[in-house]
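Below: one structure in structure tokens.
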Protein chains: 2
Amino acid sequence: MPNIREVAGLAGVSVATVSRTLQQPERVSPKTRSRVMSAISEVGYKPNLMAVKFRSGKTQNLVVLVPTVANVFFARVISGMQEAAAERGYSLLLGNTLGNEEIEAGYAKMVQTSQADGLIQLRAHNPFDSSMLKDRELLPMVNACEVLDTSLCPVVTLDNRTAARAMTRHLISLGHKCIALIKGPKSSPLTQERLAGYRDALAEAGIAFDDALLFAGDFTLQSGHEAAKHILAHNTRPTAVFCENDETAIGAMQGFKQAGLKIPDDISVAGFDDIAFSAFSDPPLTTIAQPAEEFGHTAVNLLIDVLDGKIKRAPKVIMPYELIARASTGPAPRAI
Amino acid sequence: MPNIREVAGLAGVSVATVSRTLQQPERVSPKTRSRVMSAISEVGYKPNLMAVKFRSGKTQNLVVLVPTVANVFFARVISGMQEAAAERGYSLLLGNTLGNEEIEAGYAKMVQTSQADGLIQLRAHNPFDSSMLKDRELLPMVNACEVLDTSLCPVVTLDNRTAARAMTRHLISLGHKCIALIKGPKSSPLTQERLAGYRDALAEAGIAFDDALLFAGDFTLQSGHEAAKHILAHNTRPTAVFCENDETAIGAMQGFKQAGLKIPDDISVAGFDDIAFSAFSDPPLTTIAQPAEEFGHTAVNLLIDVLDGKIKRAPKVIMPYELIARASTGPAPRAI
DNA sequence: GTGAAAGCGCTAACAT
DNA sequence: ATGTTAGCGCTTTCAC
């Protein structure tokens with residue numbers, strides 16, 4: 001690999017002039033500039049960006065901690081992050097953490113060892129060790145989607161409680177009174193928030209909360225399918241099921257249909273996220289649309305602003321949601 | 001950030017000793033070693049890995065070019081790459097290229113500018129410019145999934161033609177004679193190969209090939225849904241549809257069901273990939289399972305072997321496939 | 001076993 | 001407008 005000295009030698013100038021030709025061309029005379037440029041292409045010079053990063057102390061890399069890239073919703077968020085990062089000259093280092101704190105800590109070390117400038121965490125957990133916070137007001141981090149309530153870093157989230165309440169109200173407005181809830185992973189704050197919104201709506205409508213209508217899930221298709229079986233085995237069958245994400249809903253719908261139920265005639269099903277598959281399920285799924293790509297954009301831009309020192313206090317950004325009513329929810333059947 | 005000099009000062013040794021303590025502890029006396037170690041933890045020293053990479057000329061980064069992370073199959077492949085890379089001490093730089101050659105070339109430049117050691121391309125296109133090949137027998141690249149037939153780099157693929165033939169045979173064995181094919185993007189070699197396999201099976205069975213039974217698609221749910229409409233509008237309705245990927249199949253199934261058809265009683269549908277959603281569609285989708293995560297592992301390991309100089313000639317690795325017969329395919333209905 | 005010193009490729013003062 | 005030079009933080013000969 002030819003280096004800057006070789007170019008300088010061939011062009012008969014100093015290395016500083018070569019560097020300037022590339023960084024601030026206006027400070028170099030046109031004739032020198034063209035001489036340098038032709039030397040560059042003659043030897044096929046490509047600046048070693050690793051050296052540049054090393055010297056500048058800025059890597060232009062951002063670590064992204066994602067529980068699993070196999071989750072379609074996260075894939076959309078990552079896609080949005082990618083876009084925003086590229087636009088601002090940053091690259092993304094992907095960390096598929098499986099929600100494992102040790103793996104997360106390993107990736108977080110990349111920031112402490114100058115391999116990345118900052119980190120985006122999509123799970124409610126601070127991956128940095130205590131040594132990170134001294135003489136610094138803000139962590140070089142943004143927490144998005146599933147967030148920690150803290151002032152250590154900016155946060156990008158959605159009002160999950162209100163959104164879940166809106167969906168539950170939608171079901172209630174269709175006449176449903178016995179509404180099951182398939183939850184997300186126990187450890188996830190999202191689960192608590194969405195559950196709280198569900199309870200809010202029931203309370204408003206004067207419907208008694210019954211925790212026998214709560215079913216376990218973990219955001220996977222499989223878990224939705226299994227929850228459906230449990231729901232069918234329940235003594236009084238609910239007329240509607242609110243699933244804390246779309247994968248769960250799609251898994252559950254399959255379970256119901258295989259048991260011979262008609263959706264929404266026998267049972268209504270609602271999800272959360274609006275992944276691509278939801279518009280193409282049978283029937284199409286009623287869900288809460290989250291601006292996934294926007295989550296990514298916002299998180300990246302906030303992080304870079306923190307790194308640039310443009311942000312001093314941790315903002316909390318609340319993204320909008322939209323209830324998408326499709327055919328999987330309908331009027332409650334008459335009592336059996 | 002404390003540096004190696006600070007540690008050396010505090011421990012009363014030279015920087016070389018600190019470096020050795022970390023790199024080759026056996027070459028340092030136990031007492032010096034412990035003195036250095038306590039100095040390290042006292043100042044909270046973390047080696048600047050950017051400096052290490054710069055000096056060593058190895059970044060331990062691999063660029064991954066993926067047409068879109070939103071594709072569930074690719075998400076699985078990436079997940080596998082991640083795993084293998086982490087195991088061998090490499091990080092992944094993700095490039096969501098949308099199949100755009102300019103964007104690809106931009107990411108490929110990361111290798112030429114020493115930001116990454118090598119590249120994995122999931123699309124059949126060489127992203128490097130001509131300057132890359134001189135005095136080098138192999139490109140620092142691996143081409144996986146959808147591959148280019150070349151000896152420039154190792155290739156990891158699947159015998160798409162044979163797999164497509166197997167699926168078509170499966171349909172024929174169920175008595176289907178009028179089998180439609182929903183294709184992938186025209187530009188993709190996968191489409192050519194799977195089409196060839198489809199034709200092979202028809203020819204073997206003595207069924208005349210009819211290109212009116214070929215329908216356009218682009219691997220998205222949407223395109224499958226639209227193709228279904230076209231298929232329904234066709235003068236003689238096929239009794240089976242082979243879709244070149246699962247997303248297309250799921251979109252198509254929804255289209256058929258909304259039109260009142262029963263799957264597989266009225267029409268059989270088969271896919272390709274075996275994404276997670278396929279086991280949970282209604283009915284569950286018959287498909288060709290590809291070892292997606294294994295594709296990722298293999299690609300990464302081959303690439304690192306190339307970088308290590310362990311591989312001199314470009315191997316072509318053919319991954320195994322498996323036909324998964326589920327409920328979306330069944331005996332052909334009697335002629336209408 | 002340990003230290004001194006060179007240097008990876010580049011940028012940015014500082015000089016001229 | 002251009003050149004000289006001092007490092008960025010680290011590893012690695014080469015001495016001792």
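Given the structure is predicted, the values throughout are model-derived calculations rather than measurements.
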Could you tell me the separation between the CD1 atom of B:Ile4 and the C1' atom of D:dT12, rounded to a whole number of Å? 12 Å

Does a donor on one side chain sit under 3.5 Å from an acceptor on the other, for B:Asp273 and B:Gln290? yes

B:Thr32 vs C:dG1: side-chain N/O to OP1/OP2 distance below 4.0 Å: no

Residues A:Arg88, A:Asp308: salt bridge by 4.0 Å N-O rule: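 Yes, A:Arg88 and A:Asp308 are salt-bridged.
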
Nearest heavy atom decides the nucleotide; on that basis, is B:Tyr45 or A:Arg35 closer to the 5' end of DNA chain D?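 Upstream on the strand: A:Arg35.
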
Nearest-Å distance, CD (B:Gln23) to C1' (D:dT12)? 11 Å

Distance-only donor-acceptor check, side chains A:Glu146 and A:Gln121, under 3.5 Å: no

Counting only distance, no hydrogens or angles, is the base of D:dG9 paired donor-acceptor with the side chain of A:Arg55 under 3.5 Å? no

Pairing donors with acceptors under 3.5 angstrom, does anything connect the side chains of A:Lys53 and B:Gln115? yes

note: A:Leu49, atom CG; C:dC10, atom C1'; distance rounded to Å ~ 11 Å

Which one, C:dG3, D:dT12, C:dC10, comes nearest to the side chain of A:Val52?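 My answer, after comparing the listed nucleotides, is C:dC10.
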
On DNA chain C, nearest-nucleotide positions of B:Val13 versus A:Leu22: which is more 5'? B:Val13

Can you tell me the distance, in whole Å, between the CZ atom of B:Arg27 and the C1' atom of D:dA15? 13 Å

Would you mind classifying the nucleic acid contact of B:Thr17 as base, sugar-phosphate or nothing, using non-hydrogen atoms under 4.0 angstrom?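 B:Thr17: backbone/sugar contact only, no base atoms under 4.0 Å.
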
Rounding to an integer number of Å, can you tell me how far A:Lys53 NZ sits from D:dC10 C1'?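 Going from A:Lys53 (NZ) to D:dC10 (C1'), I get 18 Å.
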
Atom CD of B:Gln115 and atom P of C:dG9 are separated, to the nearest Å, by 16 Å

Donor-acceptor pair under 3.5 Å, B:Arg33 side chain vs C:dG1 base: no

Under 4.0 Å between a side-chain N or O of A:Asn48 and OP1 or OP2 of C:dC10? no

Please confirm whether the shortest side-chain N or O distance from A:Arg5 to OP1 or OP2 of C:dC8 is below 4.0 Å. yes

What is the separation between atom CD on A:Gln24 and atom C1' on C:dA13, rounded to the nearest whole Å? 12 Å

To the nearest Å, give me how far apart CZ (A:Phe54) and C1' (C:dT11) are.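 Going from A:Phe54 (CZ) to C:dT11 (C1'), I get 12 Å.
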
What heavy-atom pair brings A:Asp129 and A:Lys109 nearest, and what distance separates the two atoms?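 Closest pair (atom of A:Asp129, atom of A:Lys109, distance): OD2-NZ, 4.1 Å.
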
Would one find a side-chain N or O of A:Ser29 under 4.0 angstrom from OP1 or OP2 of D:dT2? yes

